[in-house]
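Presented below is the structure to which this report refers.
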Amino acid sequence: MEFPLAVLYPSAKSPAPRNHRSLKAPSILSQSSAILFPPLLRPPTMLGASDRGGSSRRLCAGTASGANGLIAEALHDGGAAALVTAGGYSLVLALDNLARRNLIEQSLSRKIVHVLSGICYMASWPIFSSSSQARYFAAVVPLLNCARLLFYGLSIATNEGVIKSITREGKPEELLKGPLYYVLTLMFSSLIFWRESPIGIISLAVMSGGDGFADILGRRYGSRKLPYNKKKSWVGSISMFMFGFIFSSMMLYYFSALGYLRLDWESTVEKVALVALAAAFMESLPISDAIDDNITVPVTTMAAAFLVFGY
Ligand SMILES: Nc1ccn([C@@H]2O[C@H](COP(=O)(O)OP(=O)(O)OP(=O)(O)O)[C@@H](O)[C@H]2O)c(=O)n1
Ligand SMILES: C/C(=C\CO)CCC[C@H](C)CCC[C@H](C)CCCC(C)C
């Protein structure tokens with residue numbers, strides 16, 4: 001079986017992305033292991049094409065282009081990180097303006113930031129280079145936001161815009177809970193799973209899109225509460241499942257179309273539905289007062305995805 005490779009991004013998985021070279025598919029065993037075991041966790045014998053490419057590229061960089069190649073990649077990824085950081089800053093600023101003008105409610109502003117931050121952050125990953133260091137540059141974006149949340153959450157300084165657009169009640173200390181766990185999850189997933197494993201992609205899609213729409217729709221239309229949790233509703237939980245599934249499938253398709261993932265879609269759809277169901281069930285439980293959803297939902301999703309994708 002041969003795969004035509006997408007050439008939309010220079011960092012798409014391809015030994016020679018610019019000439020539409022087809023790639024001989026590795027065996028199913030190495031394919032599934034290459035998908036499930038991100039490079040950081042992957043035993044040396046299971047290195048996928050990109051990692052071999054990565055190790056031979058490093059060797060090549062060390063002999064032929066040497067420091068120049070590494071500097072070029074660092075500049076590329078540094079620029080990408082700066083661009084994505086600016087995007088995150090602009091998103092919060094835009095929603096703050098809408099909330100200040102009372103064009104949207106503060107709770108809706110918070111949820112729009114919640115949905116778009118994770119999805120857009122993931123969508124930006126292909127602009128980073130194919131270097132094995134790219135994930136570390138990408139992780140700088142949530143790291144800077146983590147520092148910003150700590151800075152304002154501890155009232156070292158104040159920023160009414162950030163506080164108004166991403167807190168429920170406008171209290172600075174709220175930044176140290178849900179929002180902080182959220183950006184830490186983005187950073188963890190970038191470093192451990194990156195764009196080469198469905199586990200991280202699904203986890204961020206469910207946390208961002210699923211949990212975000214559970215709140216948006218549950219708050220508005222969730223009159224029929226769950227029998228075991230009167231703070232949550234059937235509409236919210238069904239929305240959590242549906243939008244967790246939809247956003248996960250969209251993002252898996254996105255990274256698959258760009259050549260980062262090779263998925264058997266018939267079984268993948270079923271697996272994603274199972275993972276989204278597990279996440280929706282966890283989110284419906286009355287434990288969010290003790291442990292924030294931005295911890296329980298991604299942890300549950302990562303565990304379920306790890307099991308379901310054939311670990
Ligand atoms: N399964 C769900 C989830 C949420 N909601 C509605 O959305 C509101 C907020 O949901 P929640 O997940 O608790 O959001 P927060 O924790 O407040 O926000 P965040 O996750 O951003 O911290 C709930 O009070 C409820 O009205 C719902 O009806 N059913
Ligand atoms: C309100 C939130 C969680 C509570 O449930 C989300 C907080 C989001 C952070 C304040 C901002 C995060 C920005 C991302 C790291 C980068 C987004 C870049 C993209 C291009 C918009």
Side-chain angles (χ1 to χ4, degrees), residues 80-96 99 106-125 127 138-153 159 161-169 174-190 204 207-226 228-244 279-298:
L83 186 65
V84 178
T85 301
Y89 184 89
S90 306
L91 175 68
V92 173
L93 203 60
L95 270 297
D96 168 46
Q106 187 167 339
S107 61
L108 182 57
S109 158
R110 170 187 171 88
K111 284 306 163 182
I112 293 174
V113 173
H114 181 109
V115 172
L116 294 182
S117 294
I119 298 300
C120 296
Y121 174 59
M122 265 198 287
S124 75
W125 286 353
I127 70 172
V140 164
V141 180
L143 179 65
L144 290 175
N145 278 276
C146 177
R148 188 159 76 133
L149 293 172
L150 287 170
F151 199 64
Y152 297 133
N159 183 319
V162 170
I163 293 167
K164 193 171 178 63
S165 56
I166 59 175
T167 61
R168 296 190 201 108
E169 296 154 20
E174 287 181 68
L175 298 176
L176 305 177
K177 296 174 184 172
L180 183 62
Y181 304 142
Y182 182 97
V183 295
L184 288 172
T185 299
L186 294 182
M187 190 162 59
F188 176 82
S189 194
S190 310
L204 297 190
M207 178 181 76
S208 309
D211 191 34
F213 274 90
D215 182 315
I216 293 171
L217 298 177
R219 210 183 276 267
R220 277 156 186 73
Y221 308 111
S223 53
R224 294 191 61 186
K225 303 302 183 186
L226 297 175
Y228 53 88
N229 184 355
K230 298 308 178 188
K231 289 184 180 177
K232 303 284 173 83
S233 65
W234 286 105
V235 165
S237 293
I238 291 167
S239 302
M240 173 79 189
F241 167 71
M242 282 176 55
F243 287 92
F281 175 69
M282 172 56 73
E283 192 273 344
S284 73
L285 296 177
I287 59 172
S288 54
D289 294 338
I291 311 177
D292 195 281
D293 284 349
N294 291 342
I295 296 174
T296 55
V297 166

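Note that ligands are numbered from 1 as they come in the structure, with each ligand's atoms numbered from 1 the same way. Below, each value reflects all heavy atoms present in this structure, side chains not excepted, and no hydrogens, waters or symmetry copies.
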Review point. Is the F281 ring parallel, tilted or perpendicular to the Y228 ring (thresholds 30°, 60°)?
Key: tilted
One line per pair, note the atom names and distance for all nitrogen or oxygen contacts under 3.5 Å between ligand 2 and the protein.
from	atom 1	to	atom 2	distance (Å)
ligand 2	5 (O)	H114	ND1	2.7
ligand 2	5 (O)	N294	ND2	2.9

Review point. Got more than 12 heavy atoms from elsewhere within 6.0 Å of NZ, K225?
Key: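 Yes, because the 6.0 Å sphere around NZ of K225 holds more than 12 heavy atoms from other groups.
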Practice item. Give the minimum heavy-atom separation between L143 and M187, together with the two atoms involved. Key: CB-SD, 3.6 Å
Study note, to complete from the structure: Minimal heavy-atom distance between R148 and V162, with the atoms involved, is NH1-CG2, 3.6 Å
Point to revise | I216 side chain reached by H114 side chain, heavy atoms, under 4.5 Å | key: no
Check your understanding: With a 4.5 Å limit on heavy-atom distance, are the side chains of L176 and L150 in contact?
Key ->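 They are in side-chain contact.
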Check your understanding: Contact residues of ligand 1 with a heavy-atom cut-off of under 4.0 Å?
Key -> R110, K111, R168, D211, A214, D215, G218, R219, K231, K232, S233, G236, S237, E283, D293
Practice item. Can you run down the salt bridge (Lys or Arg N to Asp or Glu O under 4.0 Å) pairs that involve residues 106-125, sequence neighbours left out, and say none if there aren't any? Key: K111-D215
Review point. How long is the span from the CG atom in L186 to the CE atom in M207, to the nearest 0.5 Å?
Key: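 Answer for the CG-CE pair, L186 versus M207, is 4.5 Å.
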Scan the side chains in residues 84-92 for donor-acceptor partners under 3.5 Å anywhere in the protein, sequence neighbours excluded, and list what turns up.
from	atom 1	to	atom 2	distance (Å)
T85	OG1	A81	O	2.7
S90	OG	A86	O	2.7

